Amino acid sequence: MIRHPRTPARALLLGGLLLAGSATTAQAFEGITMSGYLTVKATYGANDDTSGNQADYGRGYATDSVNFNTYESRVGMQFDASLTEHIDTTLILLATGGNDNFNIGVEWAYVDYNFDDRNRLRIGRYKGPFYMISEYQEVGYAYPWVTAPLEVYSTNPIRSVNGLAYVFQTTTASGMDFLLEIYGGNGSNESVVQPNVADYFNNDSNPNNNIPKGTIVEFDTKNMIGFNTTFGTEAVKFRVGYMSTKVDAPAFGMNNVSGSFGGLGLIVDLDRFLGYVEVIDRDTDDSAQMQSAFPDQRAGYATLGYRFGDYLPYLTVAKLDRGKTDSAMALRQTSLTLGLRYEIADGAALKFEATRARPEENGGAKYGLFDAPLQGETGTIVAASFDLIF
Amino acid sequence: MRTPFSRSLPALLLALMLPALARAELAFIANPENRLHGLDLETIARVYRGEIRHLPNGAKITPVDQPRGSPLRKHFYEKVLGMSEKELSRYWAKYKFTGKRKPPMVLSSDAEVKRWVANHPDAIGYISGESLDDSVELLQIIP
């Protein structure tokens, strides 16, 4: 069954238009501006596990039916208003697909106090700059891929921060940018239990431990503190970031366990040539319990692309591996992705990509990002998206 | 404090430029109260990229834009920022939705840009040379 997010998108647009009181793109309503983004994505991956059953990929990302209605399809609407010379407010409504429902909600809402053009204090609920493109991961149009490499981006299920951020940002007349963001707060999140963790508990002798695959675990982050810095030009920009947090996950009996996410990145965007490189390190509490439920991981990817007019073919190599603590539950895989982005029009792109993922052995089984060990050495996943900003 | 001379200067300049304006495609305008004479194109580019919202002298400056796809907008961004509209969209996709930079507010026509600039002392904008009148102050002509 193919589902398009058309009706919710239209309802949301209508709501937004009523709010903004205007019928065309990014229009002004005496100081309120409205803008937004849309991604319609289809994914497919028919791969057999060792018992001949379908092995899904990326915890629901791709299955053996063409899937339009994952959390990957979404519509976002952003409303910006300047209240005074120093105070800006932002509200972002996000509708995401998932199972049979489209979930619509106020995803982010914050107030910026601008001391001047360089110094700003942000208060509210905002997207955390955990990895290089985390802050605009929902805006598919902003990056080359159909999906940001899952080896890296699936390792952090934290979406938002409720708290404060201090942002220092400056650009010299010659085009050198420097940004430093120091942030802290807490949040409520959810994560799908790792398939190998679910299998491990389902196969042990205690039936009380059973966790169905696909179980969503709610967890709270608290005492989150981190920084994100970028420097360079629009053509070559480096990124360094680190965040540490305490986590409560009552379903797992976890209280006040620690986790941190660090990363380095580089984006090269010349006239024709495009390159992305990023490495991350997830370091969680050393306890056996945490290392079995949410183990240390290291991951990275490199993307190279070249623009031929409106066409951007690209290639991504990615790797997910054990982290600092050598946990048997860490996921390991390498992948190669070939993709093509086509600019249909200003603000609209069509993208295709095919990924060959090769799970690697850890703890006696090869899961990689699949939900069961594969029959063959590799699995193939294809995906396409239509991305729009307005 | 405005002197009679400063008030008449823009009119004088405008009169001198009229022959050029007939051919000019794009006129960069400001509110007459906003004394931005000599605002250079590099600063204008930085304002339109959202890098600065104040001038070095502390004055607030708020850019307004023409609609996406309009020939004037294409001309302005190619000439002053060296960006195509598609490059511009990719640029704002990265910055706008993270709240790191704010894009200019988009108005729908020359008349609206002119009205906005005339009514907001901190505003700057651009219109076609033919739409220019004395409700706004001419800063630059971009051929």
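To find a chain, count down the sequence lines: A is the first, B the second, and so on, and within it residues start at 1. As the structure is a prediction and not an experimental result, all values here were calculated from the model.
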Exercise. Can a salt bridge be assigned to the pair A/Arg307 and A/Asp269 using a cut-off of 4.0 Å between side-chain N and carboxylate O?
Worked result: yes
For this session: Would you indicate whether the side-chain heavy atoms of B/Val113 and B/Ile29 approach each other to under 4.5 Å?
Result: yes
Exercise. Pairs in or reaching into residues 38-51 of chain B: which pass salt bridge (Lys or Arg N to Asp or Glu O under 4.0 Å), with residues at least two apart or in two chains?
Worked result: B/Glu42-B/Arg49, B/Arg46-B/Glu51, B/Arg49-B/Glu51
For this session: Below 4.5 Å from any heavy atom of chain B, which atoms of A/Thr90 appear? Answer side chain, backbone, both or neither.
Result: neither
Exercise. Does the side chain to side chain donor-acceptor pair (under 3.5 Å) test come out yes or no for A/Asn114 and A/His86, once each step is laid out?
Worked result: CA-CA 5 Å; A/Asn114 301 293; A/His86 292 285; over 6 Å; no
Exercise. Yes or no on salt bridge (charged side-chain N to carboxylate O under 4.0 Å, His left out) for A/Arg159 and A/Glu138, after CA distance, side-chain angles and deciding distance?
Worked result: CA-CA 11 Å; A/Arg159 291 169 60 80; A/Glu138 281 70 27; 3.7 Å; yes
Problem set entry | Interchain contact, B/Lys102 with chain A, by part (heavy-atom threshold 4.5 Å) | side chain
For this session: Go through B/Ser84 and B/Lys74 one step at a time and tell me if the side chain to side chain donor-acceptor pair (under 3.5 Å) criterion holds.
Result: CA-CA 7 Å; B/Ser84 69; B/Lys74 278 183 192 157; over 6 Å; no
For this session: Identify which part of A/Glu135 has an atom lying under 4.5 Å from any heavy atom of chain B, answering side chain, backbone, both or neither.
Result: both
Problem set entry | Proximity breakdown for A/Tyr143 and chain B, heavy-atom pairs closer than 4.5 Å | neither
Problem set entry | Per-residue contact mode, A/Gln169 against chain B (heavy atom under 4.5 angstrom) | side chain
For this session: Apply side chain to side chain donor-acceptor pair (under 3.5 Å) to the pair A/Trp108 and A/Ser160, showing each step before the final yes or no.
Result: CA-CA 8 Å; A/Trp108 299 293; A/Ser160 304; 2.8 Å; yes
Problem set entry | Aromatic A/Phe168 / basic A/Arg118 pairing, under 6.0 angstrom, 45° off normal | no
Seminar exercise, completed: When the 4.5 angstrom heavy-atom criterion is applied to A/Ser174 and chain B, the contacting part is neither
Seminar exercise, completed: If one checks every heavy atom of A/Ala173 against chain B at 4.5 Å, the contacting part turns out to be both
Problem set entry | Close side-chain approach of B/Leu139 to B/Ile124, heavy-atom, < 4.5 Å | yes
Problem set entry | Heavy-atom contact with chain B under 4.5 Å, split by part of A/Asp387 | neither
Problem set entry | Pairing of B/Lys86 and A/Asp310 as salt bridge, 4.0 angstrom limit | yes
Problem set entry | Within residues 121-132 of chain A, residues adjacent to chain B where the heavy-atom gap is under 4.5 Å | A/Arg122
For this session: Could you look at A/Leu179 and say if it's the side chain, the backbone, both or neither that has a heavy atom under 4.5 Å from chain B?
Result: side chain
